[in-house]
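Hydrogens, waters and symmetry mates are skipped; everything else that's a heavy atom, side chains included, is used. Just so you know, these numbers come straight off a predicted model, no measurement behind them.
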Amino acid sequence: MSGIRYVRGDATVPSVKGVKVIAHVCNDIGGWGKGFVLALSRRWPEPEAAYRAWHRDRAANDFGLGAVQLVRVERYVWVANMVGQRGIRTGSKGVPVRYEAIDAALGRLAGEAAALGASVHMPRIGCGLAGGKWSRIEPLITERLAERGIAVTVYDHGEGPG
């Protein structure tokens with residue numbers, strides 16, 4: 001048992017009580033316009049605006065692979081922008097996903113979620129446009145979040161593996 005709960009549905013609409021963090025993976029070049037971020041932007045303008053400002057001012061902040069930015073979007077809902085992919089294209093260095101950055105970001109997220117007393121909700125992070133394999137990401141989520149007692153729900157949208 002991984003300690004991760006899998007459900008069909010929309011990760012932007014977590015249906016549990018209490019404080020919730022919706023976690024997703026961003027790239028390290030300031031791009032926001034494809035994949036799960038579109039669903040976030042349809043619901044709230046703040047995560048995209050905060051991410052773009054964070055990237056724009058990166059010389060003076062912690063923006064970079066493995067960093068996490070928490071953005072409050074509702075009284076009990078936060079969005080975690082986690083920088084876990086290098087660029088946006090598959091090239092000579094392989095797919096954009098960076099497992100070590102996702103691992104570092106999940107470790108930071110665990111501390112934030114614990115401090116907020118929050119559950120964590122996400123799509124299969126790093127597996128869409130980033131090109132990652134769930135078999136490599138799931139153990140990171142289990143180790144960094146679930147084994148620390150943080151409730152994690154992964155959402156599969158529509159049809160597909162469940």
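- Other members of the hydrophobic cluster containing I29, listed by chain and number, are I88; membership follows side-chain contacts under 4.5 Å among ILVMFWY residues, whether direct or relayed.
- Checked by atom type and distance alone, the side chain of E147 never pairs as donor or acceptor with a backbone atom of G149 at under 3.5 Å.
- Atoms CG and CZ, from D10 and R42 in turn, are 8.5 Å apart once rounded to the nearest 0.5 Å.
- Here OG1 of T142 is found 12.0 Å from CD1 of I137. Values are rounded to the nearest 0.5 Å.
- Judged as a ring pair (Phe, Tyr, Trp, His ring centres under 6.0 Å), not a single pair has a partner in residues 94-116 (not counting sequence neighbours).
- Using a 4.0 Å cut-off between a side-chain N of Lys or Arg and a carboxylate O of Asp or Glu, E48 and R52 qualify as a salt bridge.
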Check step by step if side chain to side chain contact (heavy atoms under 4.5 Å, CB included) holds for R5 and V152. CA-CA 6 Å; R5 189 169 74 102; V152 179; over 6 Å; no

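- Checking side-chain atoms of D103 against main-chain N and O of L106 turns up no donor-acceptor pair under 3.5 Å.
- L38 and G33 make their closest contact through CD2-O, 3.3 Å (heavy atoms, listed as atom of the first residue, atom of the second, distance).
- Under a 3.5 Å cut-off, the side chain of N27 and the backbone N or O of Q85 do not form any donor-acceptor pair.
- A continuous path of Ile, Leu, Val, Met, Phe, Trp and Tyr side chains, each step under 4.5 Å between heavy atoms, connects V120 with I141, placing both in one hydrophobic cluster.
- Under the 4.5 Å side-chain heavy-atom criterion for Ile, Leu, Val, Met, Phe, Trp and Tyr, I125 and Y6 are members of the same hydrophobic cluster.
- The main-chain N or O of G66 is found under 3.5 Å from a side-chain atom of R108 such that the two form a donor-acceptor pair.
- Contact of the S119 side chain with the V21 side chain is not registered, since no non-hydrogen atoms from C-beta on lie closer than 4.5 Å.
- Note on I4 and I150: same hydrophobic cluster, where clusters join Ile, Leu, Val, Met, Phe, Trp and Tyr whose side-chain heavy atoms are under 4.5 Å apart, directly or indirectly.
- Heavy-atom minimum distance, G84 versus A101: CA-CB, 4.0 Å.
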Evaluate D62 against W54 for side-chain hydrogen bond (donor to acceptor under 3.5 Å, both in side chains), listing each step before the verdict. CA-CA 8 Å; D62 67 344; W54 189 31; 2.9 Å; yes

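- For the residue pair G35 and L129, the shortest heavy atom distance occurs at N-CD1, 3.6 Å.
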W44 and V71: side chain to side chain contact (heavy atoms under 4.5 Å, CB included), yes or no, with the steps? CA-CA 10 Å; W44 306 286; V71 183; over 6 Å; no

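- Within a 6.0 Å sphere centred on CZ of R136, other residues, nucleotides and ligands contribute 12 heavy atoms or fewer.
- Judged by distance alone, the side chain of R58 and the main-chain N or O of N61 form no donor-acceptor pair under 3.5 Å.
- The local environment of CZ in R89 is sparse, with at most 12 non-hydrogen atoms from other residues, nucleotides or ligands closer than 6.0 Å.
- The aromatic rings of F36 and H24 are tilted relative to each other, their planes meeting at an angle between 30° and 60°.
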Passes salt bridge (Lys or Arg N to Asp or Glu O under 4.0 Å), E138 versus K133? Steps please. CA-CA 9 Å; E138 183 184 44; K133 292 185 174 22; over 6 Å; no

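- Nearest heavy atoms, R98 versus R86: NE-CB, 3.7 Å.
- Between L70 and L116, the closest side-chain pair of non-hydrogen atoms falls below 4.5 Å.
- Considering every non-hydrogen atom in both P123 and A11, the closest pair reads N-CB, 3.8 Å.
- V83 is not connected to V97 by any chain of hydrophobic side-chain contacts under 4.5 Å among Ile, Leu, Val, Met, Phe, Trp and Tyr, and they are in different clusters.
- A donor-acceptor contact shorter than 3.5 Å links the side chain of K20 to the backbone of G18.
- By the rule that hydrophobic residues join a cluster once side-chain heavy atoms approach within less than 4.5 Å of another member, W78 and V68 end up as members of one cluster.
- Applying the ring pair (Phe, Tyr, Trp, His ring centres under 6.0 Å) rule to pairs touching residues 103-138 yields H121-Y155, sequence neighbours excluded.
- The CD1 atom of I102 sits 12.0 Å away from the CG atom of L109 when rounded to the nearest 0.5 Å.
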Check step by step if side chain to side chain contact (heavy atoms under 4.5 Å, CB included) holds for I22 and L40. CA-CA 9 Å; I22 299 169; L40 287 172; 4.2 Å; yes

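- Shown here for E143 and R148, the closest heavy-atom pair between the two residues is O-CG, 4.3 Å.
- Ring planes of H55 and Y51: parallel class, angle under 30° (limits at 30 and 60°).
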Under the side chain to side chain contact (heavy atoms under 4.5 Å, CB included) criterion, do D156 and V7 qualify, and how do the steps go? CA-CA 6 Å; D156 284 311; V7 299; over 6 Å; no

